[in-house]
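Have a look at the structure below before the remarks.
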Amino acid sequence: MHLKSLIREKISKKYFDLFGSDPAEFTVEISPPNFGDYSTNVAMVCAKSAKTSPRKIGEKLIEAFKEDPDFEDVEMAGPGFLNFKLSKALYRNVAERYSKSVEMPKVKPQKIQFEFVSANPTGPLTVGHGRQAIIGDILSRLNSAIGNSVTREYYFNDAGRQMKMLGHSTWIRYNELYGKKMAFEEDDYVADYLVDIAKSISDKYGDEYVGIWNDEVQSFFTSYASNEIFEWIKRTLDKLHVPFDVYFSEQTLYKTGLTDEAMKILKDKGYIYEKEDSTWFAVSKIFPAEDDRVIIRKNGDPTYFFSDIAYMLDKYRRGFEKVYYIWGADHHGYIPRMMAVSKALGIPDGFFNVILHQFVTLKSGEETVRMSKRHGEFVTLEDLMDTVGVDATRYFFAMMDPDTTLVFDVDLAKSKRMDNPVYYVQYAHARISSLMKNAKEKGIEYERASLETISKDEEILVRELDEFQDVVITAVNQQKPQKLCNYAYALSEKFHSYYTDHRIVDPGNMELSKDRLKLCACVKNVLEVTLSIIGVSAPEEM
RNA sequence: GUGCCUGUAGCUUAACGGAUAGAGCGUUGGACUCCGGAUCCAAAGGCUGCGGGUUCAAUUCCCGCCAGGCACACCA
């Protein structure tokens, strides 16, 4: 059993026996050095309800644990912490388990959805999308791993104004190829990648569209360009190892009649009204401080917000218990109106969730690269991956709290030196792999080692191994992928330190060697699982 | 002006409300005739932006300031 859980259960039970009630919420954690192995604050948090002092509670618990063979020693220290020293047998059990496999904690399964990236096919993915892709991907991996049923979804607008501008811009580039200069319209896309697409059209269809602009040409250029770009986006995601289960097109909502249905529901409930020739959704009826929003424009075109309403209804109808929208921080103003939508549609609280992440800038040397999509001056996600590699790209996006702005240090990510955390962690794994190989060559079989020689320094490692489940749960609950990176780093750190102080494969002491190898195998297993969730490779050699 | 996010060592940052705020870079000084030196050990460097409050205990929770980022469209 997980050591902390074991200690926790023993405390709860003893406490109930002694005081006739359950203890208040308390913690069990790894002690600081020289305070035993694990410590709890139970005596302090229960003092008030038990109407006695922490010291008295602690003394009684210590007395009650005297005969427990799992605890070699229990002491009280500081303001009332109880510090436990665990038996060797417990440590052996834990190590034994991790040497075989790494179990994921399991939760009551839920059907959940993560919707992320969702970039419209008007241009390549940027580094900002990259951050979002990694956050979404890791949270998806985590939730699948603990037993939830996860759908990864990519939503895109394939109707509407932006698409039209994309088609028009491509057509202009196409005409340029034939020497016909035309003016871009105000919101057209001027970026260079459209030149390539125009060339490809020219290669296939020649000059048949030069100087001709009508609805048919419009729709041809729009769909040609968006298809090309979408393929490009998908290749990039593939390269980044971010798969999607569903690519959901906005048009579907209109084709299936879901938009009409959503409109009817909201109308019946009185959330829809007409004003100034437009149709409005009454956000203020739910959140008085918020402004109402237009869903059908004067010209009869629906806004994207209207699609989003129907899309939420669709998600709900599909039976998800929870949906997560992962958005860049610039979208945060969208949250209240979407929350209002979920309430207006009668969707239960807890269904609609948003995970926001702050922006990304790139740093190379002293120079900070600013993103400017508008002028076609931005670094694509693909360029970044080609420069620093997939592992570093993923790790660097994963290792920072989504709530903080991320300065992506390109030079650091590229470096194969010790200051690069990716290599530090991978190096630990490669080093252990090398040990295993070494042992194999010498014919040392360690799988069935007894672990009798386990002592203080090994226990440090075992405690760190046993943190794994907690880290996973915390990462999921707080939606913080960086917890995994921090953990992988901490475990690697403890291994490197252990390695330096102890000779693992010692021909002069076979029993010790086997025990140590077995322990290293545990570390390797946990590192592999952790890295696999981060989506970074665990190399045998580097 | 309103809302959201963030202020921790010179730099990048960690810390389910817990004990002496933990790392890396940089600086200084050390460690393999032996398993991968891409490693390890040590030193120096902190009124955790400021001021209140809650608590046995606050970097963490609450309130007010200050600073930076972002958003406030019939664009997404």
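Worth knowing before you read on, the calculation uses all heavy atoms, side chains too, and leaves out hydrogens, waters and symmetry mates.
- Atoms OG and CG, on A:Ser492 and A:Leu531 in that order, are 7.5 Å from each other to the nearest 0.5 Å.
- Applying the Watson-Crick and G-U wobble criteria (two distances, each under 3.5 Å), B:rA23 pairs with B:rU12.
- Across the protein-nucleic acid pair, A:Lys494 atom NZ and B:rA23 atom C1' stand 10 Å apart, rounded to whole Å.
- For the pair A:Glu29 CD and B:rU60 P, the computed distance is 17 Å after rounding to whole Å.
- Contacts of A:Glu540 with the nucleic acid, taken as non-hydrogen atoms under 4.0 Å apart, include base atoms.
- A straight line from CZ of A:Arg337 to C1' of B:rG3 spans 12 Å, rounded to a whole angstrom.
- B:rA19 atom P lies 15 Å from atom CG of A:Asn34, rounded to whole Å.
- Rounding to whole angstrom units, CG of residue A:Asp409 and C1' of B:rG26 are separated by 14 Å.
- Going from atom CH2 of A:Trp327 over to atom P of B:rC75 covers 17 Å, rounded to whole Å.
- The side chain of A:Thr500 places no N or O atom within less than 4.0 Å of a non-bridging phosphate oxygen (OP1 or OP2) of B:rC40.
- Between the side chain of A:Thr303 and the base of B:rA73, no donor-acceptor pair of N or O atoms lies under 3.5 Å.
- Whole-Å rounding puts the A:His496 NE2 to B:rC40 C1' distance at 10 Å.
- Considering only the side chain of A:Arg297, B:rC75 comes nearest among B:rC40, B:rC75, B:rA19.
- Of the N and O atoms on the side chains of A:Ser12 and A:Glu9, not one donor lies less than 3.5 Å from an acceptor on the other residue.
- Of the side-chain N and O atoms in A:Lys483, one or more sit less than 4.0 angstrom from OP1 or OP2 of B:rA15.
- Looking at which nucleotide of RNA chain B each of A:Pro402 and A:Ser31 is closest to, the 5′-most match is held by A:Pro402.
- In A:Lys85, the NZ atom is crowded: over 12 heavy atoms of neighbouring residues, nucleotides or ligands sit closer than 6.0 Å.
- When the side-chain nitrogen and oxygen atoms of A:Tyr498 are compared with OP1 and OP2 of B:rC41, none of them lie within a distance under 4.0 Å.
- In the interface, the side chain of A:Ser278 is paired with the base of B:rC74 through a donor and an acceptor atom under 3.5 Å apart.
- For the pair A:Met400 and A:Gly78, both in contact range of RNA chain B, the more 5′-proximal nearest nucleotide belongs to A:Met400.
- Crowding of A:Glu445 atom CD: a count of heavy atoms from other residues, nucleotides or ligands under 6.0 Å not exceeding 12.
- As judged by a 4.0 angstrom heavy-atom cut-off over every strand, A:Asn157 is placed among residues touching the sugar-phosphate backbone only.
- Residue A:Phe359 and nucleotide B:rG69 are not classified as a stacked aromatic pair, given the requirement of ring centres less than 5.5 Å apart at an interplanar angle below 30°.
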- Give the C-alpha distance, both sets of side-chain angles, the deciding distance and a yes or no for side chain to side chain contact (heavy atoms under 4.5 Å, CB included) between A:Asn486 and A:Gln482. CA-CA 6 Å; A:Asn486 296 343; A:Gln482 82 273 17; 4.1 Å; yes
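- Cation-pi geometry between A:Lys285 and A:Tyr271 is satisfied (NZ or CZ under 6.0 Å from the ring centre, within 45° of the ring normal).
- Under 3.5 Å, the side chain of A:Asn83 and the base of B:rA19 form at least one donor-acceptor pair of N or O atoms.
- Nucleic acid contact class of A:Gln426 (heavy atoms, under 4.0 Å, all strands): none.
- Remark: B:rC61 base-pairs with B:rG53. Criterion, Watson-Crick or G-U wobble with two distances under 3.5 Å.
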